[in-house]
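Please read all numbers here as calculations on a predicted model, not as lab measurements. Atoms within each ligand, like the ligands themselves, are counted from 1 in listed order. Side chains are part of it too, since the values below use all heavy atoms of this structure and drop only hydrogens, waters and symmetry mates.
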Amino acid sequence: MTKKISNFAEYFQKYQESVNDPEGFWGEIAEDYQWHKKWDKVLEWSFTGPKAPDVNWFINGKLNITENIFERHLPERKDQIALVWEPNDPKEDVVNYTYGELYEKVCQFANALKGLGIKKGDRVAIYLPMVPELTIAMLACARIGAIHSIVFAGFSANSLSDRIIDAECNLVITSDGGYRGAKSISLKSIVDDALKSCPTVKHTVVLKRTGDDINFVEGRDIWWDDFIAGVDTKNEAEVMDAEDTLFVLYTSGSTGKPKGVLHTTAGYMIFAEYTFKNVFQYNDGDIYWCTADIGWVTGHTYIVYGPLLAGATSVMFEGVPTWPDAGRFWEIVNKHKVNQFYTAPTAIRALIVHGNEFVTKHDLSSLKVLGTVGEPINEEAWRWYHDVVGKGNCPIVDTWWQTETGGILITPLAGITPTKPSFATLPLPGVQPLLVDNEGNELKGNSVEGNLCIKFPWPGMIRTTYGDHDRCYQTYFSTYKGLYFTGDGAKRDEEGYYRIMGRVDDVINVSGHRLGTAEIEDAINQHPKVNESAVIGYPHEIKGQGIYAYVTCEALSADEADSIENDIRATVNKIIGPIAKPDKIQIVSGLPKTRSGKIMRRILRKIGEGDATNLGDISTLLDPGVVDEIVTGAKVEVKR
Ligand code: PRX
């Protein structure tokens, strides 16, 4: 087994090795895995050629990722707990799966999928709450080489059907419903709605979770329990090529509908485990908990694949941080004696407002490492996390990465890299970041700020966007030729530490959830009374960014005017889901546009931030008068 990095000098040494000889570096790590056939060459790549991006790791290697979770570990870990499931309601029983038990469940479900005719390369949509069966279903897909496309169970029927249609899925795995705090959500009815427009779906497998009545469609729907009844628990894994697709996960960008980010088998596998072990400094026997939802990439890589590939014990939580009360996280940490805890800044900020007592009344002495992900963490939240949760004893790893990167790229190594509040610090070995100005010139040296790019492939990186390779090139590789562009702005300080400043494109990050402003505008525009809209992100105390929508409407009756804001929210809820509902809606008579018709978002952003003092030159606008009207009616205190 490759050793974890154990001190700062070793980090620099490994980093240098990974840059001087990337193939030697990753090739040695890849030796730790079970292969049906080893690779002929570690890497071939181009970010610029006719097929760009064209990135191939471990060429002609053959393997199955689930054999590297199970068969590789079973001799030592058959009776070790792989997955601890903590239900939404603390009164409900915890469910544990050992590696041996999880293996049998995965194999059985894999056989059942095969029995239904699902085969290598087929796409399977999974729309489940945070129950262990979600992990079982995804690993069963990987076992037989089917491509899982997991859709966060907070998305609407419309978002679900868009994703199913784009990937041409032929099976949906779902449940009758799910719990989130005091609420229960009927997922099956959302699926029924979505499937009205998805002709490729032949079947749905339905897990019983809430026991609510469902509309059971004979011939299409199959209950989970019936699906696996009497099915063999032994399964021979499908042999996959290193570059065969493992999964697709949809994510928002600055234009168009969400795209299916595609990850392949061997590179993702190796990167997931390597980053997990090194960043969290996981030791055998530790209990690790990532609070994310598996519907997002964080859950894919750091609840399921990374920890299980590393032979870890991973906690999976169904509920929310504030129910039954704001001490729920800390109660769970104490109950399971969690050693590494990984969450989002938005959750931390939401908990701060409830006061320290919810933390201090629980014994958190098991904690060794704290992590954050998904958005910049402000200094106040960082300090509270460090002082109140970690009692000053736990290093915080502020991990920067993206759906497209597959795993963490810039981060401290827990207890090894000296940390600084709100700095993601240094790149992991194998990761070569750089900052460029808007013309693409590299900003060399320290104390610089620019657009964050990566100049060399890493094993976990995106290979394509499902069904549209050119979109992948255009989105990530065309802005700065020869570089992967992240869409983020960053600073490199005097010590060479990276601080992520946030998105520089039309993407906003609401409670760690990524949304395209264009996508929200499209949803708002579907309201029959709306003419046009412009959406921007504005600073929000808990969510990081809130959604501010400026909207022009047709003439409204008095009743319509009263209800228009809520009606617009309902429209967005229906088209995308609750996470995309605007926090602020301002009905305006016009939007600030250039004479060529382009909306001047820069101006709207300034107003949304409450800073109308310096709007720059507005005399070139088609109708400068609308700016005054917007400033006067702004839903924030606007300084002028
Ligand atoms: O803007 C960055 C922000 O989240 C974006 C990626 O979102 P998504 O693909 O949904 O993945 C989130 C979980 C990996 C990035 O472009 N982001 C992520 N982590 C951080 C962050 N911003 C600042 N600091 C972070 N640690």
* To do: Answer yes if the ring centres of Trp85 and Phe317 are under 6.0 angstrom apart, and no otherwise.
  =>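 Distance test on ring centres: not under 6.0 Å, no.
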* Compute the centroid of each ring, for Phe485 and then for Phe477, and state whether the two points are separated by less than 6.0 Å. =>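 Distance test on ring centres: not under 6.0 Å, no.
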Run the numbers for me: atoms of ligand 1, each under 4.0 Å from some heavy atom of [X], listed by number.
X      : value
Val373 : 13 (C), 14 (C)
Arg514 : 6 (C), 7 (O), 8 (P), 9 (O), 10 (O)
Ile500 : 22 (N), 23 (C)
Asp488 : 1 (O), 2 (C), 15 (C), 16 (O)
Asn509 : 3 (C), 4 (O)
Trp401 : 6 (C), 14 (C), 15 (C), 18 (C), 19 (N)
Thr403 : 8 (P), 9 (O), 10 (O), 11 (O)

* To do: Mind telling me whether Phe456 and Trp45 have parallel, tilted or perpendicular rings, with 30° and 60° as the class edges?
  =>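 It falls in the perpendicular class, over 60°.
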* Fit a plane to each ring of Phe247 and Tyr268, take the angle between them on a 0 to 90° scale, and name the class: parallel (under 30°), tilted (30 to 60°) or perpendicular (over 60°). =>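 Because their plane-to-plane angle is over 60°, the rings of Phe247 and Tyr268 count as perpendicular.
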* ligand 1 versus Thr399, non-hydrogen atoms closer than 4.0 Å: side chain, backbone, both, neither? ->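 The answer is the backbone of Thr399.
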* To do: Check each heavy atom of Gln402 against ligand 1 and say whether those closer than 4.0 Å belong to the side chain, the backbone, both or neither.
  =>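 Both backbone and side chain.
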* Based purely on interatomic distance, does Val297 place a nitrogen or oxygen under 3.5 Å from a nitrogen or oxygen of ligand 1? ->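 No; every N/O pair is 3.5 Å or more apart.
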* Pairing of Lys259 and Asp166 as salt bridge, 4.0 angstrom limit ->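 Salt bridge: no.
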* Does the pair Lys420/Asp493 count as a salt bridge with the N-to-O cut at 4.0 Å? ->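 A salt bridge links Lys420 with Asp493.
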Residue pair [X] / [Y]: nearest heavy atoms and the distance that separates them:
X      : Y      : value
Thr403 : Val261 : O-CG1, 3.9 Å
Ala194 : Ser161 : O-CB, 3.4 Å
Cys453 : Val436 : SG-CG2, 3.9 Å

* Asked: Would you say Ala424 contacts ligand 1, with heavy atoms under 4.0 Å as the rule?
  ->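 Per 4.0 Å heavy-atom rule, Ala424 does not contact ligand 1.
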* Heavy atom of the protein closest to atom 19 (N) of ligand 1 (residue, atom name, distance) ->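 In this structure, atom 19 (N) of ligand 1 has Gly374 N, 3.1 Å as its nearest protein heavy atom.
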* Asked: Relative to atom 13 (C) of ligand 1, which among Asp398, Thr298, Asp505 owns the nearest non-hydrogen atom?
  ->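 Selected option, by shortest heavy-atom distance: Thr298.
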